[in-house]
There are 2 protein chains.
Amino acid sequence: MNNQHQITLKDIAQQLKLSVSTVSRALKGSTDINAETSKQVLALAEELKYSPNPIALSLKDKKTKVIGVMVQEIANNYCSAVIAGIENFACKMGYQTIISQSHEKYETEVQNTRLLASRRIDGLIISISNETRNTDHLQELIDKGIPVVMFDRVSNAIATHKVIVDDYRGAFEATCQLIEQGYENIAHITISKHLLITQNRLRGFTDALRTHQLPVRSEWILHCDFNTEATENKIRHLFCSTKRPDAVLLSVERLSITCLKVLRELELQVPDDVALSSFSDNPLSPFLNPALTSVCQPTFAMGQLAVELLIELIESKQIIKEYKTVQMKTTLHVHESSLRKAVAVGEK
Amino acid sequence: MNNQHQITLKDIAQQLKLSVSTVSRALKGSTDINAETSKQVLALAEELKYSPNPIALSLKDKKTKVIGVMVQEIANNYCSAVIAGIENFACKMGYQTIISQSHEKYETEVQNTRLLASRRIDGLIISISNETRNTDHLQELIDKGIPVVMFDRVSNAIATHKVIVDDYRGAFEATCQLIEQGYENIAHITISKHLLITQNRLRGFTDALRTHQLPVRSEWILHCDFNTEATENKIRHLFCSTKRPDAVLLSVERLSITCLKVLRELELQVPDDVALSSFSDNPLSPFLNPALTSVCQPTFAMGQLAVELLIELIESKQIIKEYKTVQMKTTLHVHESSLRKAVAVGEK
DNA sequence: ATTGCAATCGTTACCGGTAACGATTGCAAT
DNA sequence: ATTGCAATCGTTACCGGTAACGATTGCAAT
């Protein structure tokens, strides 16, 4: 049973004693063919379960109908939700996706981007890694004629369509919510300072503090990477200082988990001792202990939009010079982790 | 800058006034070539950043070096963790993966499987949908010479390599843990009765009850699908009966979330009113409210093994007749959701 | 009878690789 | 001088499609 070969035009042509081009015409619904011949071809194609070889088409048309997606980690709620949106729209448009991971490493991102390019993808959707500061590997792709669309962690150095959220406002609102609950000593645990999202979220955070006449303490702004142990140590140090924060705004979900872990270890209660608020898109956030106040992003829609923009770039005949950056809105879901207990509120 | 074409052997050949085959030889490290010529070719290839067109190779070799992966949902912890394992090993072996989703629908699974096949994937890794009872679409692939490896939700109807866990023992142990805590009225909320994992987990569950001389109540065995509303109603009905269970074993993580939701709505406390134990691979399980007792699977290793077996099938010269089913172990992580409070234990 | 054209089909080239085969050259062995 | 062979390179065919172009046939229009 094994090693059956896939049916080709040639097989059909030979059986019907026709040329491959006639068979091709019949299958493509050309009018340049006898109706009877066409019917025979279609019937046999159906019977043999013929399906055209996309490899042959790709070679000829120099289009693979494959889109590359580069994210930090598939097993990450945010990423997999965006990918779900990408798949949804890409599929409708007849594109398939190949997903690649950077694992938050610059070197891996560069290598895997080149690997995708060597696969002759028609375009790339990317959210850069925490380490990435140089984006030449992306410019390389664009120079080769492979369009790139960025989302989430975008870069100013690349001129292309981008899909982001209003990180500034997301952080601002979350910080204000903490302040309104009476928290005045708020720390910010975030990722690489070189990422735009980090900078925007940080500005949102500090602006919220300043708006409420609260001081900004630089030692309470932690830039972490994805080395869990190092991050745990940093956070532990933060909470073991003589004066410790009574609230934290976290920039990404993974950090909030690490933070929760450390707080448990230190036997600090959330939100009694420390309140938490985090950028997060985990559907389980409301079921956490305590339920985690979350700045949510329209992940699925972001994915859909990113592919839509990418396909626009891929299929447009003329060279596009005008690139747009679409900024979507975040939603603050307030839960227990950033809410003063009723008693405490009463005392205020 | 746009529409730069990719460098081909022809480009290099023309610049060096050589034939493409000589260039090809040089790049492939053939000895059948002058050392000096070879050096020139390699230097120019480097300079022009030549990378071979995998499409052309695929067409010639009838191998795409692409593996299809069909799962129910990417945005699902279990799936994305297995996929991470698949990617890890596939990448090392020079394969790329295309991920496709069934969204728990039989029709979608069949369609997308055919789509993958039409893409000429070298092999497929699949966990079938909750609706799937007929697996002809997989046999079709195998008959075409495209090997298939199944994991998690496997089928007896297909003869091939399979990677599963000991579902029976996983369910048995989890149920015993509940019984040992003094819970005697245990329900089982699970998925389609046609899936082997469902049958094995159910057997583990009922055998544990019988071992402890507890009755098996058929009305307390709920088979759900992924229609959240219908499932919520079923669960609500279960807990609103005159005699309600005091513990539940859940077959998949998603159901445990739905169950948690309903219990909150009904203001039933976990584990005071109802204890919960669930098959789950969410890293957040220990941080849930209450921390969820989980039957965990070695997801990453399962993914790795599944590709390893698949690549073995793809690359083996002779036809393989002996298929193996690798059964891995589950681990029970006991947390608050299935632990009697100290007081209650004292009363026992 | 010739011409033109529509209808219908086949031939050929091409996409970018590789492998089989062939061709050329020069030198050593006879 | 002839033969054989190694070294080195080019030609060709093929993978499976499609499009451009060409060929044939028969009939209507002149």
Side-chain angles (χ1 to χ4, degrees), chain A residues 3-42 44-45 48-66 94 117-122 144-145, chain B residues 3-42 44-45 48-66 94 117-122 144-145:
Chain A
N3 262 353
Q4 296 284 65
H5 87 134
Q6 296 269 2
I7 303 298
T8 68
L9 288 187
K10 205 176 177 184
D11 299 316
I12 298 177
Q14 282 174 345
Q15 283 202 37
L16 296 177
K17 304 206 188 304
L18 290 169
S19 75
V20 286
S21 74
T22 304
V23 176
S24 170
R25 265 190 287 257
L27 292 168
K28 297 208 75 184
S30 164
T31 53
D32 190 14
I33 190 173
N34 183 292
E36 186 55 37
T37 312
S38 180
K39 218 193 292 180
Q40 281 180 34
V41 171
L42 292 175
L44 187 58
L48 298 178
K49 285 176 192 157
Y50 167 79
S51 82
N53 187 328
I55 308 292
L57 283 186
S58 292
L59 186 60
K60 186 168 170 47
D61 299 339
K62 305 192 174 203
K63 289 284 172 193
T64 53
K65 288 275 180 179
V66 172
S118 78
R119 276 270 175 196
R120 305 295 194 267
I121 50 171
D122 287 351
K144 274 187 185 170
Chain B
N3 263 351
Q4 296 285 66
H5 88 132
Q6 297 268 2
I7 302 298
T8 69
L9 288 188
K10 205 175 174 184
D11 298 316
I12 298 177
Q14 282 174 345
Q15 283 203 37
L16 296 177
K17 304 206 186 306
L18 290 169
S19 74
V20 286
S21 75
T22 303
V23 177
S24 171
R25 265 190 288 259
L27 292 168
K28 296 208 77 187
S30 166
T31 52
D32 190 13
I33 190 171
N34 183 291
E36 187 54 39
T37 312
S38 181
K39 216 193 295 179
Q40 281 180 34
V41 171
L42 293 174
L44 187 57
L48 297 179
K49 287 178 192 158
Y50 167 79
S51 82
N53 187 331
I55 308 293
L57 282 187
S58 291
L59 186 60
K60 184 165 171 48
D61 299 338
K62 304 192 173 205
K63 290 285 172 194
T64 53
K65 288 278 181 177
V66 172
S118 77
R119 277 271 174 195
R120 304 296 192 267
I121 51 171
D122 286 351
K144 275 187 186 169

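Chain identifiers are assigned alphabetically (A, B, ...) following the order of the sequence lines, protein sequences preceding nucleic acid strands; residue numbering begins at 1 within each chain.
Taking atom CD1 of residue A:I55 and atom C1' of nucleotide D:dC15, one finds them 11 Å apart after rounding to whole Å. Following rounding to the nearest Å, A:L9 (CG) and C:dT11 (P) show an atom-to-atom distance of 15 Å. Nucleotide C:dG17 holds its P atom 13 Å from the CD atom of B:Q14, rounded to whole Å. Following rounding to the nearest Å, B:D11 (CG) and C:dG16 (P) show an atom-to-atom distance of 8 Å. C:dT18 atom C1' lies 14 Å from atom CD1 of B:I33, rounded to whole Å. The nearest whole Å value for the distance from the CD1 atom in A:I7 to the P atom in D:dG17 is 10 Å. A:K62 places its NZ atom 13 Å from the P atom of C:dC14, with the value rounded to the nearest Å. One atom, CG of B:L16, and another, C1' of D:dG10, lie 15 Å apart when rounded to the nearest Å.
Checking D:dA13 for Watson-Crick or G-U wobble geometry (two distances, each under 3.5 Å) identifies C:dT18 as its partner. Pair check for C:dC27 finds D:dG4; Watson-Crick or G-U wobble, both atom distances under 3.5 Å.
Closest-nucleotide positions on DNA chain C for A:K60 and A:K17 were compared, and the one nearer the 5' end corresponds to A:K17. When each of B:D61 and B:T22 is assigned the nucleotide of DNA chain D bearing its nearest heavy atom, the one mapping closer to the 5' terminus is B:T22. Heavy-atom nearest nucleotides on DNA chain C were determined for A:A35 and for B:P52, and the one closer to the 5' end corresponds to A:A35. For the pair B:R25 and B:L59, both in contact range of DNA chain D, the more 5′-proximal nearest nucleotide belongs to B:R25.
Comparing C:dG17, C:dC9, D:dG17 by their nearest atom to the side chain of B:Y50 picks out C:dG17. Of all nucleotides listed (C:dT18, C:dG10, D:dG10), C:dG10 comes nearest to the side chain of A:S19.
Side chain of A:R120 to main chain of A:S118: a donor-acceptor pair is present (N/O by atom type, distance under 3.5 Å, no hydrogens or angles).
As judged by a 4.0 angstrom heavy-atom cut-off over every strand, B:I12 is placed among residues making no nucleic acid contact. Residue contacts shown for B:L18 are limited to sugar-phosphate atoms, with no base heavy atom under 4.0 Å away.
Within the structure, a side-chain polar atom (N or O) of B:T37 is placed less than 4.0 Å from OP1 or OP2 of D:dC9. Proximity of A:K10 to the phosphate of D:dG17: no side-chain N or O atom is located under 4.0 Å from OP1 or OP2. Of the side-chain N and O atoms in A:S21, none sit less than 4.0 angstrom from OP1 or OP2 of C:dC9.
For the pair B:S30 and B:I33, the tightest heavy-atom approach, listed with the atom from each and the gap, is O-CG2, 3.2 Å. Of all heavy-atom pairs spanning A:K65 and B:R119, the tightest one is O-NH2, 2.9 Å. Annotation for B:L27 and B:Y50: closest pair CD1-CE2, 3.6 Å, computed over non-hydrogen atoms. Contact detail for A:L59 and B:L59: the closest heavy-atom pair is CD2-CD2, 3.5 Å.
For the atom pair CG of A:L44 and CD1 of A:I7, the computed distance is 8.5 Å after rounding to the nearest 0.5 Å.
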